[in-house]
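Have a look at the structure below before the remarks.
The chains referred to below are lettered A, B, ... by the order of the sequence lines, with proteins before strands, and numbering in each begins at 1.
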2 protein chains.
Amino acid sequence: MERRRDRSPTIVDVAREAGVSKSLVSLAIRGEAGVGEASRERILDAARRLGYRSNSWARSLARGRSQLVGVLVNDLRSGYYVDVVRGIEDAAQRADLRVVLGEGRRDPAITGARIAHLQQLGVDGLVVISGRVDPQTLAQAAALCPVVVVGRPPEVPVAAAQVSNDDRAGARLAIRHLVALGHRRIAHLTDSTRPAASDRRDAVLATLEEFGLGTRGRVVSADGAGRLAAAVAARDPDAPTAVFARNDRTAVRLLGAAIDAGLRVPEDLSLIGYDNTDVAGIVRPTLTSVDQPRLAMGELAMELLTELSAGAAPRREVVRPELVVRASTAPAPGWSSPGARPD
Amino acid sequence: MERRRDRSPTIVDVAREAGVSKSLVSLAIRGEAGVGEASRERILDAARRLGYRSNSWARSLARGRSQLVGVLVNDLRSGYYVDVVRGIEDAAQRADLRVVLGEGRRDPAITGARIAHLQQLGVDGLVVISGRVDPQTLAQAAALCPVVVVGRPPEVPVAAAQVSNDDRAGARLAIRHLVALGHRRIAHLTDSTRPAASDRRDAVLATLEEFGLGTRGRVVSADGAGRLAAAVAARDPDAPTAVFARNDRTAVRLLGAAIDAGLRVPEDLSLIGYDNTDVAGIVRPTLTSVDQPRLAMGELAMELLTELSAGAAPRREVVRPELVVRASTAPAPGWSSPGARPD
DNA sequence: GTGAAAGCGCTAACAA
DNA sequence: TTGTTAGCGCTTTCAC
């Protein structure tokens, strides 16, 4: 009963062609020890002649694993995720694993569906790079296979490992940089209450307080970017001279609004983003931003995944962000020499 | 011989629990007809109780296909590819297929490896969205499963279907727009000789010629963006007043160089990109760009793939680009009223 | 070093 | 409507 007229060759065909048993072919093809030099030669040769291609469905079925790691990213348009993925891919390659990718499109429902799909595929492990994933989705996923979370979703199952950056430290870097430049009215532009965002916000307020710079009205919703720019343009005495946005996306949107409002950046308004994505180097002025070591985070994620698969307890790693100073930040208007550095 | 201590339940377990045979379970779970209402109920119930999850390796192995379509994109950072993927995913969902994604990182070698990997996975079909793929790679791929190419690699195997946009038409749109704005010295910024790029270039030159606007020195290499900006800034009488770049990436790089050189865009220099990616709306001034209907192209690709899988002959579809006018193009310096439109 | 045989979990023909 | 059985292509004991 041949299903397909010209089925592709199997180890049985190779075995017949080489005049050996199929078990030997299996060993030879995987490069296992315990095959005579002569047989090995004949087998590999026969395989080549026949154009043999190993069937991964059968292999996975027989071995009970696939050598596949699934990676779910929140949004492919953001260079942030893509860089983490590359870190993962590089590490995976070294571990002789293959990566399959899925995108959640910033939607928890789609994210859940894609995660289910990846697990359906039979991945040996899963890396979820998204803050937009329901705790329940994540818990279910972690029950099925090793899971590493990169970033900070609302909740991380106890069984899962995690890689994240120190958001409080990152926010402090940004605020201290602005204070050092003489800024006194500093606003934080944010639109989210998820852990990363709220930590950044808390750290902003704490740091402002530390410097005795009132915190009232210093947190602005991201959709108020236009109003904020207008206020600065109108020389509102309460308007900030510098803004730290929760990420580059938000910062770039404000930059657009500021330019549209006729402001000069950084002369009239300094601006800092977060994530140091490629767009930060593309816009003008180029954007000062807090950098997360994305490639390293990806590689770290694979490391944690490997540990988990080996049965180790899940670890949580926090990496340190760094400030990358570009052209969007300058001394506050009227600020001359920066006496003692505030830090 | 149990390999894993707590192996997950199989149809056999479900069958035992429901007191029926495993074939009936198989039918019931897939929702096939020919299962008694009572049995179906009992089976699904048992499956739920046991937490049964169908094993896709076994299913694929038994059925000879995976319901998977592989998608290879050139570069995930570009919104262009991502949008095409979304079109594909939407169409795939309707056809009850799942998408697995791979990235070629703008490198033919990596692209080849990823394509091989996707086929190793046993995809039923493959969509390659990349101009950066070797003819040989593509030919090998097309020999293994149905392949649809989106875009214009150097060569497309006869067995493969293709979706592309009319690059000549797109280039004409751009040039005509600039001519209509009174520009007479128009340059084309390009750095590639692959089919799409060279068609755009040819169409640019042909269109300039059509309008009697000399073509000498009108094609500038992309890495000459800085020099070009400098020439404009120096008021070189030969310098262009408008530039059509081969894509948004290149256009945005030139925009940066222009701003860095102290130029005002579009007052001193008009600028058009190609692809209408998200970055076009993000930079300031916003970028006029030639739009390819990416979502539709993705859906079309899935359509062609379905046809191919059904045994139809491969088709080549060419879609029409459109010009999206934004803020980076303005009348040429000294140009007053645009008499009769040149088109 | 090599071969025989029993699975892996599922589908699909065929019988009942 | 339901059960039986023979694969799908590979891995992995266990004999030889």
For the side chain of T10(B), starting at C-beta, report the closest nucleotide among dT12(D), dG9(C), dG9(D).
dG9(C)
For the side chain of S54(A), counting heavy atoms from C-beta on, which of dC10(D), dT2(D), dC10(C) is nearest?
dC10(D)
Measure CG/D13(B) against P/dC10(C) and give the value in whole Å, please.
9 Å
What is the distance, to the nearest angstrom, from the CD1 atom on I29(B) to the C1' atom on dT11(C)?
12 Å
Whole-Å gap separating C1' (dT11(D)) and NZ (K22(A)):
9 Å
Can a donor-acceptor pair be found between the side chains of Y52(A) and D13(A) at a distance below 3.5 Å?
no
Nearest whole Å is fine: how far is dG9(D) C1' from W57(A) CH2?
11 Å
Return the nearest nucleotide to the side chain of S21(A); candidates are dG3(C), dA6(D), dT11(D).
dG3(C)
Which of dC10(D), dC8(D), dA12(C) is nearest the side chain of L61(B)? It is dC8(D)
Of the nucleotides dG9(D), dT11(D), dT11(C), which has the atom closest to the R63(B) side chain?
dT11(C)
Using whole Å, report how far CD1 of I11(B) lies from P of dC8(C).
12 Å
I'd like to know if the side chain of T137(A) and the backbone of V133(A) have a donor-acceptor N/O pair within less than 3.5 Å.
no
Going by modelled atom types, is there a donor-acceptor pair between the base of dT4(D) and the side chain of S23(B) at under 3.5 Å?
yes
For a 4.5 angstrom cut-off between non-hydrogen side-chain atoms, does C145(A) reach Q119(A)?
yes
A side-chain contact here means heavy atoms from C-beta on lying under 4.5 Å apart; do K22(B) and S26(B) qualify?
no
Can you find a side-chain donor-acceptor pair between S60(A) and R65(A) that sits under 3.5 Å?
no
By nearest-nucleotide position on DNA chain C, the 5'-leaning member of A58(A) and A33(A) is A33(A)
Just checking G34(A): base, sugar-phosphate only, or nothing, at a heavy-atom cut-off of under 4.0 Å?
base
Here the distance between atom C1' of dG9(C) and atom CZ of R65(A), to the nearest Å, is 18 Å
Using a 4.0 Å heavy-atom cut-off, does V12(B) contact any base of the nucleic acid, only the sugar-phosphate backbone, or nothing at all?
nothing
In whole Å, I'd like the distance from the CZ atom of R59(A) to the P atom of dC10(C).
20 Å
Where the side chain of L24(A) is defined as all heavy atoms beyond and including C-beta, which of dC10(C), dC10(D), dG3(C) is the nearest nucleotide?
dG3(C)
Rounded to whole Å, the CG-P distance (N55(A) to dC8(C)) equals 18 Å
